[in-house]
Participant: 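Here's a structure for you.
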Amino acid sequence: MLDIKLLQNDFDNVREKLKKKKVDETLLEEIKSISLELKEKKKILEDLQAEQNAKSKLFGVYAKEGKNLEELKSELSQNKEKVALLNTQVKEIEEKLSIIASTIPNIPDESVPEGADEEDNIEIKRVLTPPTFSFAPKEHWDLDVDWLDFERGVKLAKSRFTALRGTGAKLSRALINYMLDFNAKRGYQEVCVPYIANRDTLTGTGQLPKFENDLFKLDGEDLFLIPTAEVPVTNLFRDEILDVSMLPIKMTCYSECFRKEAGSAGRDTRGMIRQHQFSKVELVSITKPEESDLVFDDMVACASDLLTSLGLAHRLVMLCGGDLGFSAAKTVDLEVWFPGQNRYREISSVSNTHDFQARRAMIRYKDEKKNRLVHTLNGSSLAVGRTLIAIMENYQNEDGSITIPSVLERYM
RNA sequence: CGGGAGAUGGCUGAGUGGUCGAAAGCGGCGGUCUUGAAAACCGUUGAUGGGCAACUAUCCGGGGGUUCGAAUCCCUCUCUCCCGGCCA
């Protein structure tokens, strides 16, 4: 959620920063004027309420003294109506304001480059060199192993669902276990959470109200399948005031993720790149504001080192303003090399949302005497499915076999 | 899913219509005593928003209603606990 106070007090600055995200400026103007109107109306309402409270107390006193109450009673009744009217007005304005404000994306960090889309993202560095092959490397769906069962996955549900069998299934589980252990060694506590979340939870992390179409909703219930573990894990501490000694909280979580992929018809229809359900090991951190940049770097390093340990060539990319997600103030994507496609593709995405999610989810900590909003960060440790097929493509041999990376051997 | 009980401040727990934002105890903080600590004793201590401040509004699970006035009465939703059914 946008900081309305900041918008009121420093409008030009906020507008300028949000230009990077192509936000409709008239919406910002509207938010500002509505919020000022709200403030005015609230002041009037409060004064009326104060009057009402004082007179109500008098009523009790008069009653004891046996005084005539009729006049006071009618005064109170009249005032009551005024209060009620103003109160509904205030509530309406508040609702209007929160609806508009909740659709405004986060303010990009200073360090985020200008740009419209993916083309303007900036490569930070490359790690490891892509492998060379003495033969033409295949894409994962062409590899002659029975690890991925696309047809039967579709039979069970619909397109964009895949079943794993045999070594494929086992490798997926090995990856999950390996990643969780890897993260735990770096100080991320493992958590396990529900894959179904309610509306408040999805609103806290910013998926709702704007992106309901991307979510699978349970029929007849106000519940949704989670699109990422970020949602439940970040919301673990929703509506809480944390003790400063608890921070930073660093967590890692394996979950299945469910996405409708509504806007991506025709993209990545082959193979396991883009699925309605996929496994992911996630990193989530909750920090003091002054620590969040450090923790962000730690999370990026954690994901990058994980790829390195698996021997997978990858690069780090800083997203530009136009490509940044709704809740993110800053995002670094990790892209792994796919020999079959001859290109890098996203396998992890680490974001710092600053206090954007914290304000929505009301996650705060006590600092001295004051309550302050935390910063929340999230990132894929790695998307398991994409890691699986990256291993398949990068470790394929001319005879059609696939070598298992040595770090995974003890997990197989 | 059926039957019963309940939801109050950091915790335990009183409070059934009028200075109740809420007794008491615990905990926390400050102090006395002590070489230091414990114990004892004294004092203090809810949250959020607005305001430089005085102050003020809101909050007793959520929402709605009755009333001049609701923690207290009514409706509704959610959640928790106990009994039964079902079940990994």
Participant: Could you tell me whether Lys17(A) and Asp12(A) make a salt bridge, using a distance below 4.0 angstrom between a side-chain N and a carboxylate O?
Facilitator: no
Participant: State the pairing partner of U32(B); accept Watson-Crick or G-U wobble contacts with both distances under 3.5 Å, and report none otherwise.
Facilitator: A40(B)
Participant: Mind checking the C1' distance from A39(B) to U16(B)? Whole angstroms is fine.
Facilitator: 41 Å
Participant: Could you let me know what G61(B) is paired to, Watson-Crick or G-U wobble, both distances under 3.5 Å, or none if it's on its own?
Facilitator: C77(B)
Participant: Across all strands shown, which nucleotide pairs with A70(B) by Watson-Crick or G-U wobble geometry, both distances under 3.5 Å?
Facilitator: none
Participant: Using the test ring pair (Phe, Tyr, Trp, His ring centres under 6.0 Å), find all partners of Phe326(A) that sit at least two apart in sequence or belong to another chain.
Facilitator: Phe211(A), Phe356(A)
Participant: Taking the P atom in each of C33(B) and C42(B), what is the distance between them to the nearest angstrom?
Facilitator: 16 Å
Participant: Taking the C1' atom of each, how far is U66(B) from G17(B), in whole Å?
Facilitator: 12 Å
Participant: Given atom CG of Asp239(A) and atom P of C79(B), what is their separation to the nearest angstrom?
Facilitator: 16 Å
Participant: When the distance from NZ of Lys43(A) to P of U58(B) is rounded to whole Å, what number comes out?
Facilitator: 13 Å
Participant: May I ask you to decide whether Lys96(A) forms a salt bridge with Glu92(A), counting only side-chain N to carboxylate O separations under 4.0 Å?
Facilitator: no
Participant: State whether Glu75(A) and Lys55(A) are salt-bridged, where the test is any N-O pair (Lys NZ or Arg NE/NH1/NH2 against Asp/Glu carboxylate O) under 4.0 Å.
Facilitator: yes
Participant: Does G2(B) pair with anything, Watson-Crick or G-U wobble, both distances under 3.5 Å, and if so, with which nucleotide?
Facilitator: C83(B)
Participant: Before accepting this row, confirm whether a basic side-chain N of the pair Glu94(A)/Lys42(A) lies closer than 4.0 Å to the acidic partner's carboxylate O.
Facilitator: yes
Participant: Holding to ring pair (Phe, Tyr, Trp, His ring centres under 6.0 Å), I want the full list of residues that pass it with Phe11(A), two or more places apart in sequence or in another chain.
Facilitator: none
Participant: Which pairs pass salt bridge (Lys or Arg N to Asp or Glu O under 4.0 Å) with one or both residues in residues 291-312 of chain A, sequence neighbours excluded?
Facilitator: Arg186(A)-Asp305(A), Lys250(A)-Asp298(A), Asp293(A)-Lys330(A)
Participant: If you assign each of Ile241(A) and Lys57(A) to its closest nucleotide in RNA chain B, which residue comes earlier from the 5' end?
Facilitator: Lys57(A)
Participant: Quote, to the nearest angstrom, the P distance that separates A5(B) from U76(B).
Facilitator: 15 Å
Participant: CD1 of Ile44(A) versus C1' of G50(B): gap in Å, rounded?
Facilitator: 14 Å
Participant: In whole angstrom, give me the gap between the P atoms of G84(B) and G15(B).
Facilitator: 31 Å
Participant: Name the pairing partner of A54(B), where a pair is Watson-Crick or G-U wobble with both distances under 3.5 Å, or state none.
Facilitator: none
Participant: Show each protein N/O and nucleotides 52-57 of chain B N/O combination with a separation under 3.5 Å, one pair to a line.
Facilitator:
{"residue": "A57(B)", "atom": "OP1", "partner": "Asn53(A)", "partner atom": "ND2", "Å": "3.2"}
{"residue": "A57(B)", "atom": "O3'", "partner": "Gln49(A)", "partner atom": "OE1", "Å": "3.1"}
{"residue": "A57(B)", "atom": "O2'", "partner": "Gln49(A)", "partner atom": "OE1", "Å": "3.1"}

Participant: A14(B) pairs with which nucleotide, Watson-Crick or G-U wobble, both distances below 3.5 Å?
Facilitator: none
Participant: Please determine, for G21(B), whether a Watson-Crick or G-U wobble partner exists with both distances under 3.5 Å, and give it or none.
Facilitator: none
Participant: Between Glu261(A) and Arg267(A), is there a salt bridge with N-O shorter than 4.0 Å?
Facilitator: no
Participant: Hey, is NZ on Lys210(A) packed in by over 12 heavy atoms from elsewhere, all under 6.0 Å?
Facilitator: yes
Participant: Say you pick atom P in G46(B) and the same atom in A22(B); how far apart are they, in whole Å?
Facilitator: 9 Å
Participant: Please give the distance between the P atoms of G31(B) and U80(B) as a whole number of Å.
Facilitator: 44 Å
Participant: With a 4.0 Å cut-off, would you call Arg359(A) and Asp3(A) a salt bridge?
Facilitator: yes
Participant: In plain terms, say whether Arg199(A) and Asp222(A) are close enough for a salt bridge, that is, a side-chain N and a carboxylate O under 4.0 Å apart.
Facilitator: yes
Participant: Provide, to the nearest angstrom, the distance between the CD atom belonging to Glu75(A) and the P atom belonging to G69(B).
Facilitator: 14 Å
Participant: What distance, rounded to whole Å, do you find between the two C1' atoms, one in A71(B) and one in C60(B)?
Facilitator: 5 Å
Participant: Which atom pairs link the protein and nucleotides 61-68 of chain B when you take only N or O atoms and keep those under 3.5 Å?
Facilitator:
{"residue": "G64(B)", "atom": "OP1", "partner": "Lys91(A)", "partner atom": "NZ", "Å": "3.3"}

Participant: Could you pull out the protein-nucleic contacts involving nucleotides 70-78 of chain B (nitrogen or oxygen on both sides, under 3.5 Å)?
Facilitator:
none

Participant: Specify the separation, in whole Å, of atom CG of Asn87(A) and atom C1' of U58(B).
Facilitator: 10 Å
Participant: Please test Glu230(A) against Thr205(A) for side chain to side chain donor-acceptor pair (under 3.5 Å), starting from the C-alpha separation and ending with a verdict.
Facilitator: CA-CA 8 Å; Glu230(A) 166 202 342; Thr205(A) 30; 5.2 Å; no
Participant: Strictly below 4.0 Å, N to O, side chains only: are Arg345(A) and Glu335(A) in salt-bridge contact?
Facilitator: no
Participant: In this structure, how many angstroms lie between the C1' atom of C79(B) and the CG atom of Asp200(A), rounded?
Facilitator: 13 Å
